[in-house]
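Single-structure report; data block below.
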Amino acid sequence: INSIALREGKLTYKDPGQKTEIDASLSTSLTPADPATALEFNAQGRFKGNKLHAKGTGGSVLTLRDKQTPYPLNVTGTIGPTFVHVQGRITNLLQFSAIDLIIRLHGGSLAQLYPVLGIVLPDTPPYKTRGRLIREGKIWQYKNFSGQIGKSDIAGTFKIDTGKAPTLLSGNLHSRKLNFADLGPLVGTKSTKTSAADTRPNRRVLPDTPFRTDRWNKMDADVTLKAESIVRDAALPINNLTTHLRLHNALLTLDPLNFGVASGSLAGLVKLNGRARPIQATVDLKARKIRIAELFPTLSSAKTSIGVMNGDIDLKGQGNTVATMLGSADGRVALAMNQGEISKLMMEAVGLHLLEMLQLKLSGDKNIQIHCGVADFGVKKGVMRTNVFLLDTDITRLNVTGDINLREEMLDLTL
């Protein structure tokens with residue numbers, strides 16, 4: 001700290017190394033007969049380079065320099081784009097040797113807290129939280145917090161160990177109802193809200209906003225997330241989510257990553273190596289016991305089909321966005337289905353048998369037996385080429401050849 005001074009009710013605090021400079025006006029009705037009168041203050045300036053405005057009350061002026069007695073504070077203000085309300089006690093105001101506060105935060109994105117806290121948090125929709133902040137030695141805890149991120153509820157506990165190099169963030173997060181759209185900014189999907197200056201349509205399907213890997217080596221992380229239910233588009237049959245996130249030396253790992261999909265699961269691991277330029281990505285996922293009837297919930301003819309699908313997705317790519325990672329990927333995608341039933345009307349529609357379709361519309365649909373279904377793609381430089389792609393039923397054998405170009409987002413398939 002370069003300097004801290006109190007003169008004629010004006011407090012000045014300067015710390016050039018932390019880009020901090022605060023001026024505060026203090027007032028109190030302190031009299032010899034009432035030495036414990038509370039302090040009122042208004043403050044403005046910059047905290048770690050961010051604009052700061054705050055007002056509140058504290059304990060007695062006489063205890064400001066007390067290093068043993070907890071000092072009471074009640075503060076409301078803003079730091080940059082973040083709103084903060086703090087109420088509780090701090091021991092030793094100059095060194096924060098112990099802290100016990102109830103703290104409320106809200107802002108436009110959790111990532112905006114990085115310049116203030118030095119903690120790497122993801123880009124998110126607007127958020128608000130309330131919890132208990134405790135410091136004991138070099139351990140900080142944000143305990144039993146609850147709040148919202150976008151339209152999703154969130155609760156849990158974070159612990160930050162500043163005694164480790166780099167700082168370690170660990171915690172457990174829980175959501176009763178997670179809005180799937182709120183995960184978009186984490187994987188690089190642009191917000192649906194566009195600025196007046198940016199009116200260009202985004203015609204890409206795959207997320208193309210770059211990851212900010214420059215912050216990944218600033219700290220380590222070990223966080224679990226469990227979402228009991230997923231709020232999503234009707235066409236997306238995802239039911240729940242659990243994952244364990246680890247960040248170490250700029251290597252981000254989701255292992256395990258488990259989605260409940262159509263009464264089955266899509267589980268495995270995702271690795272993003274932020275030490276490499278561009279990022280090196282690995283995806284190894286297993287699809288197990290996915291029910292075909294639930295995989296296409298908005299397709300009415302699928303409701304008459306039954307059967308279970310299993311598969312493997314094994315891809316490696318590089319790039320700073322999801323789009324470029326998939327657009328450069330090598331590996332394999334394979335799906336298989338044994339037996340089951342499917343709508344006859346659906347199969348006649350695939351074959352464009354118009355007379356059969358008309359008869360089924362008039363007389364009613366019926367199920368036909370599936371002998372087998374296989375889709376096996378080799379993936380090279382973002383292009384998925386068919387090794388085998390067929391569906392064999394009692395009345396129709398459907399063969400598919402061609403490729404799916406993830407880089408150009410184009411299909412070229414012959415049925």
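Quick note: numbers below take in every heavy atom, side chains included, and nothing from hydrogens, waters or symmetry partners.
- In this structure, Pro125 and Gly150 approach most closely via the heavy-atom pair CB-CA, 3.7 Å.
- Taken from CG in Asp394 to CD1 in Ile370, the straight-line distance is 9.5 Å, to the nearest 0.5 Å.
- Looking at Lys48 and Pro115, their side chains never come closer than 4.5 Å, going by heavy atoms from C-beta outward.
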| message | side-chain contact (heavy atoms from CB on, under 4.5 Å), that's the test. Do Thr157 and Asn144 meet it? Break it down for me. | response | CA-CA 5 Å; Thr157 293; Asn144 302 323; 3.8 Å; yes

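- Val231 has its side chain out of reach of Lys151: every pair of non-hydrogen atoms, C-beta onward, lies at least 4.5 Å apart.
- No side-chain donor-acceptor contact under 3.5 Å links Thr78 to the backbone of Gly80.
- Side-chain atoms of Leu257 and Leu241, non-hydrogen and from C-beta on, do get closer than 4.5 Å to each other.
- Put simply, the side chain of Leu178 reaches to within 4.5 Å of the side chain of Leu183, judged on heavy atoms.
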| Going through the checks in order, is the side-chain contact (heavy atoms from CB on, under 4.5 Å) test met by Tyr142 and Thr129? | CA-CA 10 Å; Tyr142 191 35; Thr129 72; 2.9 Å; yes

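- Note on Arg132 versus Asp100: salt bridge recorded, some NZ/NE/NH1/NH2 to OD/OE distance being below 4.0 Å.
- Within the model, atoms CG of Leu272 and CE of Met325 stand 4.5 Å from one another, a figure rounded to the nearest 0.5 Å.
- Listed for the Asp330 side chain is a donor-acceptor partner under 3.5 Å among the backbone atoms of Lys381.
- Residues Asp412 and Asn405 form no side-chain contact, since every pair of their non-hydrogen atoms from C-beta on lies 4.5 Å or further apart.
- Looking at Thr124, its side chain does come within 3.5 Å of a backbone N or O of Leu110 through a donor-acceptor pair.
- Using a distance-only test at 3.5 Å, with no hydrogens or angles considered, no donor-acceptor pair links the side chain of Arg176 to the main chain of Asp153.
- In this structure, Glu409 contributes its side chain and Leu206 its backbone to a donor-acceptor pair below 3.5 Å.
- Put simply, the side chain of Asp233 does not reach to within 4.5 Å of the side chain of Phe180, judged on heavy atoms.
- At distances below 3.5 Å, at least one donor-acceptor pair connects side-chain atoms of Asp182 with backbone N or O atoms of Ser152.
- For Asp284 and Lys271, the salt-bridge test fails: no basic side-chain N is under 4.0 Å from an acidic carboxylate O.
- Within a 6.0 Å radius of CZ in Arg130, no more than 12 heavy atoms belonging to other residues, nucleotides or ligands are found.
- Inspection of the His244 and Asp222 side chains reveals an N or O donor paired with an N or O acceptor under 3.5 Å.
- Taken to the nearest 0.5 Å, the NZ atom of Lys344 stands 13.5 Å off from the CD1 atom of Ile342.
- No donor-acceptor pair under 3.5 Å is formed between the side chain of Asn92 and the backbone N or O of Ser97.
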| Passes side-chain contact (heavy atoms from CB on, under 4.5 Å), Asp123 versus Thr209? Steps please. | CA-CA 11 Å; Asp123 290 298; Thr209 300; over 6 Å; no

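- The aromatic rings of Phe158 and Phe145 sit parallel, their planes meeting at an angle under 30°, below the 60° perpendicular limit.
- Looking at Arg89, its side chain never comes within 3.5 Å of a backbone N or O of Leu73 through a donor-acceptor pair.
- Counting non-hydrogen atoms of other residues, nucleotides and ligands closer than 6.0 Å to NZ of Lys316 gives a total of 12 or fewer.
- Remark: side-chain polar atoms of Asn74 are not paired, donor with acceptor, to backbone N or O of Thr57 under 3.5 angstrom.
- Between Leu335 and Asn310, every side-chain heavy-atom pair lies at or beyond the 4.5 Å cut-off.
- The 12-atom threshold is not exceeded at CZ of Arg291, counting heavy atoms of other residues, nucleotides or ligands nearer than 6.0 Å.
- The one candidate from Leu285, Asp314, Val379, Asp376 that meets the side chain to side chain contact (heavy atoms under 4.5 Å, CB included) condition with Val333 is Val379.
- For the residue pair Thr393 / Thr396, no side-chain donor-acceptor distance below 3.5 Å is found, with atom types taken as modelled.
- Using a 4.5 Å cut-off on side-chain heavy atoms (C-beta onward), Lys10 and Asp23 make no contact.
- Asn172 and Thr224 share a side-chain donor-acceptor pair at under 3.5 Å.
- With values rounded to the nearest 0.5 angstrom, Glu348 atom CD is found 13.0 Å from Lys361 atom NZ.
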| request: Would you sort out whether Glu228 and His174 count as a side-chain contact (heavy atoms from CB on, under 4.5 Å), showing the intermediate values? | output: CA-CA 8 Å; Glu228 294 179 12; His174 179 263; 2.7 Å; yes

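- Here the side chain of Thr243 pairs a donor or acceptor atom with the backbone of Pro256 at under 3.5 angstrom.
- The local environment of CD in Glu136 is sparse, with at most 12 non-hydrogen atoms from other residues, nucleotides or ligands closer than 6.0 Å.
- Environment of CD in Gln148: crowded, with over 12 heavy atoms of neighbouring residues, nucleotides or ligands closer than 6.0 Å.
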